[in-house]
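Below: the structure, in structure tokens.
In what follows, every chain begins at residue 1, and chains take the letters A, B, ... in the order their sequences are listed. Because the structure is a prediction, the values reported are computed rather than measured.
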Amino acid sequence: MTKPSIPETSTTRRDTTPSPEATRLFTRLVIGFAVLYGLWAVVLSFRIVVQQQAVRQHLAFALRKCPRRTFPTPTAAWAVAQDFVTRLNAAFPTKPCGTGAAFAVARSPHIRVHNCQIVISVKHRRLHVQGYDTQGHLMDNIFERLNPPPRRL
Amino acid sequence: MLSYPHINPVGFHIGPLPIHWYGLLEIISFVVGTLWLIRRGRRREWQWTKDEVLDLEYYLSIGAIVGGRVGYVLWYDLPYYLGHAIQIFEVWDGGMSFHGGLIGVILGCWVYGRKHSRSTMAILDFVAPAAPIGLGLGRLANFINDQLFGRVSHLPWAIVFPAGGPQPRQPSQIYEFLLEGVLLLVILILYGRKPRPTGAVGSLFVLCYGLFRFLVEYTRQPDIQLGFVLGHLDMGQVLSIPMILIGPALLYWAYRGGFEAHYPQAREGTRP
């Protein structure tokens, strides 16, 4: 047996309409959520900008100072890379975020996450510099060279 | 790969004064948006006079500029501006945030509504369909200005932007123009053709913009001073998440009739 349908009247519609008090509460909840979220975003952004600025300076320095020549053997290149990293870590002992050293050689076996790290590797007997941002994403060396810190866009 | 159409950022000169495309497009969007709102206000369901629209535009402009700048300072580069406080006022040097501008516009609507006894949500419904005009033309201006380009890509339509180095990049400004400008305008116009509950059009704007922006950001180069901020998300996406969450909640409330003006007479069925 089908239920007899109740025709919608202004009375039944009004019953489902939120009261002004309910709307006021709803509005306050939405505004409260937006304000708290916005404040969290400010804190997040502040922390990230400070850390990213340090990473960008590390990357710019490593790109500027990295030996550009081709080494006679891969072993010689790795030795220079290791020495370069040691000197960089002595100059910038603080890693902007995460644990470990601010600079590392690529073949370090213990390195799993690279966030805020500058990694020196050897390819075709030459040294290569790679920067990783605060979230561990590879940074764009060309773009960073075009806009060295403290330049902003 | 497409080549970047080197468009001079300076459109023309009025005497010694260079007129930049960016400013020109902003003025065009403001004028077109205002004229459209004046025309829209004549319709029976809105009933806005020309003077009322112009007065409202004043509040919206102040809200958008102040909100946009404050949003940029707070969400995109606060450490820098804490050390260079005077530069917060140098808006001509760039740096505006859409999300801050939106909050400023909502506050502008609220202040106007308080002053002229109009519902904030009803005002947002009235102005929301005009917003994509400014947003879309703003993105075209970004393209002309060789700024806010996309990430490195090897798609057939990727473009080498002079300011982005030698690698081809996604023309994300064009995606944004098409989504936040053209598509959003079409959606809001089509949706707003029929009478909708108070707050529905404004809520749909919030939802659609949040979604479109969140998606397009996957192709856009993150701001250099921030990079990615939360895993694979950049700041534009982080700020769009609340829009995607709040938009449907506002729509739901609008369809329940929560934003309809409450008149005491309505109980007797004599709502004006």
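Contact tally against chain A (heavy-atom pairs below 4.5 Å) for L245(B), L74(B), L82(B), V229(B): the top residue is V229(B). Among P166(B), G95(B), G71(B), G231(B), the residue making the largest number of heavy-atom pairs under 4.5 Å with chain A is G231(B). Listed options Q147(B), M243(B), R169(B) were ranked by heavy-atom pairs under 4.5 angstrom with chain A; first place goes to R169(B).
Counting all heavy atoms, side chain and backbone alike, S45(A) lies closest to M235(B) at CB-CE, 3.4 Å. In plain terms, the two heavy atoms of V49(A) and Y76(B) that are nearest each other are CG2-O, 3.8 Å. Closest of all the heavy-atom pairs between A41(A) and L239(B) is CB-CD2, 3.9 Å. Across every non-hydrogen atom of L230(B) and W40(A), the tightest pair is CD2-CH2, 4.0 Å. The shortest non-hydrogen separation linking L250(B) to F26(A) is CD2-CE2, 3.8 Å. Annotation for L146(A) and A163(B): closest pair CD1-O, 4.0 Å, computed over non-hydrogen atoms.
Using modelled atom types, one side-chain atom of T23(A) and one backbone atom of G258(B) make a donor-acceptor pair closer than 3.5 Å. W75(B) places a side-chain N or O within donor-acceptor distance of the main-chain N or O of G38(A), the cut-off being under 3.5 Å.
A heavy-atom distance below 4.5 Å is not found between the side chains of T27(A) and W253(B). With a 4.5 Å cut-off on side-chain heavy atoms, I142(A) and Q167(B) count as touching. At least one side-chain heavy atom of R56(A) sits less than 4.5 Å from a side-chain heavy atom of I224(B).
From L78(B), atom CG reaches atom CD1 of I48(A) across 13.5 Å, with rounding to the nearest 0.5 Å. Note that OH of Y255(B) and OG1 of T17(A) are 14.5 Å apart. Values are rounded to the nearest 0.5 Å. With rounding to the nearest 0.5 Å, the separation of CD in Q51(A) from CG in L226(B) is 11.0 Å. Summarising the geometry, atom CZ belonging to F228(B) is positioned 10.0 Å from atom OG1 belonging to T134(A); distances are rounded to the nearest 0.5 Å.
Judged by the 6.0 Å distance and 45° axis criteria, R151(B) is not positioned over the aromatic ring of F143(A).
For I246(B), the part lying under 4.5 angstrom from a heavy atom of chain A is the side chain only. In this structure, chain A has no heavy atom under 4.5 Å from any part of H99(B). Heavy atoms closer than 4.5 Å to chain B are found in the side chain of D140(A), but not in its backbone. Contacts between F46(A) and chain B at a heavy-atom distance below 4.5 Å involve backbone atoms as well as side-chain atoms.
For W21(B), the CH2 atom is loosely surrounded, since the number of other residues' heavy atoms within 6.0 Å does not exceed 12.
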